[in-house]
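Read through the structure below, which is laid out as structure tokens, and then see the notes.
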Amino acid sequence: MNNPVNPHTGLDFTPAVGDMAFTLLQRELLAKAHALGRDKFAARAQQWDTEASFPFANYDDLREAGFLKLCVPTSHGGLGADYTTYMMVAAEIGRFCGATALTWNMHICSTMWTGVLADGIPMSDDERREHAARRELHFGRIVNDGALYAQPFSEGTAAAAGRAPFGTTAKKVDGGWLINGRKIWASLSGAADYYGVLCTEDKGDQHPDARDTLYISVPATSEGFSISGDWDPLGMRGTVSRNLAFKDVFVSDAEQLMPRGIYFKGAQTWPAMFFTLSPTYLGVANAAYDFTVQYLRGEVPGEPPIKRRQFPTKQIAVAQMRIQLENMKSLFARAIAEAKPNPSKDEKMRLYAAHYSVMEGANDIARLAIRTCGGQSMLKHLPLERLYRDSRCGALMLPWTAELILDRMGRETLYEPGEKDE
């Protein structure tokens with residue numbers, strides 16, 4: 001039985017981001033993402049979780065649907081989705097497979113940062129020409145070859161939080177760069193064709209500086225590049241985030257994803273670039289709520305049609321879940337609508353608040369879901385225990401962990417730029 005089309009949204013389902021007046025492109029992409037998730041991703045999610053294996057089959061579907069080039073500009077053969085549109089679609093995919101949405105984010109950011117976000121970063125004319133030529137190469141790989149890009153950040157230091165230079169270095173040599181160092185928690189390890197590595201330019205002066213951060217693509221076939229380590233985490237197991245090592249890895253100048261010094265400017269100009277992990281967890285929160293409603297109504301496929309909705313305690317819990325979910329959606333929707341270069345202080349505070357609310361709220365909703373559905377919901381053939389484990393991971397993810405967000409909000413509220421105590 002088909003659901004009626006909502007005249008406000010033009011869709012026959014309620015997207016994970018909520019109901020709003022979508023553009024034609026947003027409506028088309030949301031419908032496609034919802035169908036992929038409902039018909040394919042949801043049924044496979046348990047496999048990736050059980051095996052801690054990468055969702056290659058989902059990526060075949062994403063590639064076929066054109067979703068690997070979602071944020072590549074139409075002038076380069078992509079779908080031309082902007083920041084807001086990507087965030088909506090990512091939440092819808094996260095609703096059906098968190099690991100797929102989270103890893104897809106790493107790939108999409110390589111195109112969004114070098115595309116629509118880079119267009120809002122100050123550059124000289126020479127830098128702009130350099131960047132335009134190089135992104136032509138990277139966009140072409142994705143559009144023409146279906147290439148997959150990873151985006152390894154973490155090193156086990158304060159660098160991924162933006163508080164120190166990256167320990168991975170790039171030294172300028174004739175025709176390119178020599179990369180040395182290591183990354184941990186590197187999602188898509190073994191699956192990506194290229195690894196968009198954040199590293200510090202080695203200028204030979206023993207004074208590394210975060211302003212000298214480089215964003216460089218390392219082909220998976222590069223000599224001196226290796227992947228190691230086991231992968232058996234609590235949740236988001238399908239991300240396969242193992243360790244990467246770079247030992248005198250040579251890459252050509254053309255592999256730069258941004259010109260020298262531009263990544264640092266981008267991080268200062270576009271704080272919303274670090275908000276892109278949150279839609280996965282908004283999707284997970286929706287999934288936990290959706291399951292709870294289905295379960296209490298006795299409508300979970302393959303399960304006995306036993307209704308449990310008649311108990312007041314369960315009705316109250318569902319109401320509490322819905323209230324929290326609506327709060328999260330509202331903050332999220334406003335934050336993505338306001339995302340732009342050089343936001344105001346209030347816009348930045350709302351961005352932080354939205355990120356914190358989604359990352360902590362997803363696990364809170366999953367916790368309520370398990371308590372409300374009871375012991376049956378913890379069985380692994382049902383999705384809720386996986387959703388609970390996946391939801392716990394969001395608040396731990398750099399560069400904006402829950403603790404770092406609280407620290408930023410408190411400090412940036414009480415101190416104006418340049419202010420300090422005597």
Side-chain angles (χ1 to χ4, degrees), residues 54 90 98-99 101-114 117-118 138 148-170 177 179-201 208-218 220 225-229 231 233 236 239-246 249 251 255-258 261-281 355 359 393-405 407-408:
F54 189 77
L102 201 58
T103 49
W104 186 57
N105 169 73
M106 315 299 177
H107 168 81
I108 289 294
C109 280
S110 70
T111 63
M112 188 161 58
W113 288 11
T114 56
L117 265 64
H138 297 288
L148 186 58
Y149 277 67
Q151 195 180 55
F153 257 74
S154 297
E155 298 179 344
T157 69
R163 292 183 168 180
F166 286 98
T168 303
T169 62
W177 302 85
I179 313 293
N180 282 281
R182 63 189 291 270
K183 296 288 184 179
I184 63 174
W185 300 102
S187 298
L188 298 98
S189 56
D193 301 294
Y194 301 90
Y195 294 83
V197 178
L198 289 164
C199 49
T200 306
E201 182 173 356
D209 192 319
R211 287 171 293 188
D212 294 323
T213 300
L214 295 169
Y215 184 28
I216 299 179
S217 169
V218 176
F225 169 71
S226 61
I227 301 171
S228 64
W231 179 245
M236 290 296 176
T239 61
V240 190
S241 307
R242 299 168 68 202
N243 304 325
L244 309 182
F246 308 88
V249 176
V251 297
E255 294 297 343
Q256 284 181 249
L257 288 159
M258 287 181 174
I262 297 302
Y263 170 81
F264 182 80
K265 285 184 181 179
Q268 306 302 308
T269 304
W270 264 105
M273 68 191 283
F274 301 120
F275 187 49
T276 61
L277 296 171
S278 63
T280 292
Y281 293 91
H355 190 81
M359 293 308 204
C393 299
L396 312 178
M397 298 188 70
L398 291 166
W400 286 0
T401 66
E403 288 82 1
L404 286 171
I405 284 290
D407 180 58
R408 281 176 177 270

So T276 and C109, do their side chains get closer than 4.5 Å, heavy atoms only? yes
A side-chain contact here means heavy atoms from C-beta on lying under 4.5 Å apart; do V251 and I216 qualify? yes
Verify side-chain hydrogen bond (donor to acceptor under 3.5 Å, both in side chains) between H138 and Y194, making sure each step is shown before the conclusion. CA-CA 10 Å; H138 297 288; Y194 301 90; over 6 Å; no
Heavy atoms of P271 and T269 approach each other most closely as CD-O, 3.3 Å
Mark yes or no for whether S278, through its side chain, and F275, through its backbone, hold a donor-acceptor pair below 3.5 Å. yes
Atom pair CG/CD1 of L188 and I227 - distance to nearest 0.5 Å: 10.0 Å
Do the side chain of W185 and the main chain of S241 share a donor and acceptor less than 3.5 angstrom apart? no
Find out whether L277 and N105 are in side-chain contact, i.e. whether some heavy atom of one side chain is under 4.5 Å from a heavy atom of the other. yes
Under a 3.5 Å distance rule, please check whether H355 uses its side chain to pair with a backbone N or O of W400 as donor and acceptor. yes
Which of D212, L198, V197, T157 passes side-chain contact (heavy atoms from CB on, under 4.5 Å) with F166? It is L198
How many angstroms lie between CE in M106 and OG1 in T239, if you round to the nearest 0.5 Å? 7.5 Å
With rounding to the nearest 0.5 Å, note down the distance linking CD in E403 to CZ in R408. 13.5 Å
When you compare the side chains of T168 and E155, does any donor N or O come within less than 3.5 Å of an acceptor on the partner? yes
Knowing that exactly one of I108, L257, T114 qualifies, which makes a side-chain contact (heavy atoms from CB on, under 4.5 Å) with Y149? L257
Minimum heavy-atom separation for P152 to G196, with atom names? CD-O, 3.5 Å
Short side-chain to backbone donor-acceptor contact, S189 and V240, under 3.5 Å: yes
Decide yes or no for M397 and L102: does some side-chain heavy atom of the first lie under 4.5 Å from some side-chain heavy atom of the second? yes
Heavy-atom pair with the smallest gap, counting every atom of N243 and G229: ND2-CA, 4.1 Å
Of all heavy-atom pairs between A101 and A90, which one has the smallest distance, and what is that distance? CB-O, 3.9 Å
Can you check whether I184 reaches R182 side chain to side chain, under 4.5 Å on heavy atoms? yes
Assess whether atom CH2 of W177 is packed by more than 12 heavy atoms of other residues, nucleotides or ligands within 6.0 Å. yes
CG on L404 to CG on L396, rounded to 0.5 Å: 11.0 Å
Min side-chain heavy-atom separation F246-L244 under 4.5 Å: yes
Closest non-hydrogen atom pair, P399 against F274: CG-CD2, 3.4 Å
OH (Y281) and CE (M236) are apart, to the nearest 0.5 Å, by 3.5 Å
Answer yes if the ring centres of Y215 and W113 are under 6.0 angstrom apart, and no otherwise. yes
F153 vs Y263 aromatic rings, parallel, tilted or perpendicular, using cut-offs 30° and 60°? perpendicular
Scanning both residues in full, the closest heavy-atom pair of I179 with C199 reads CD1-SG, 4.4 Å
Sidechain-backbone polar pair: K183 side chain, S154 backbone, donor-acceptor under 3.5 Å: no
Quick one: does L214's side chain get under 4.5 Å of M258's, heavy atoms only? no
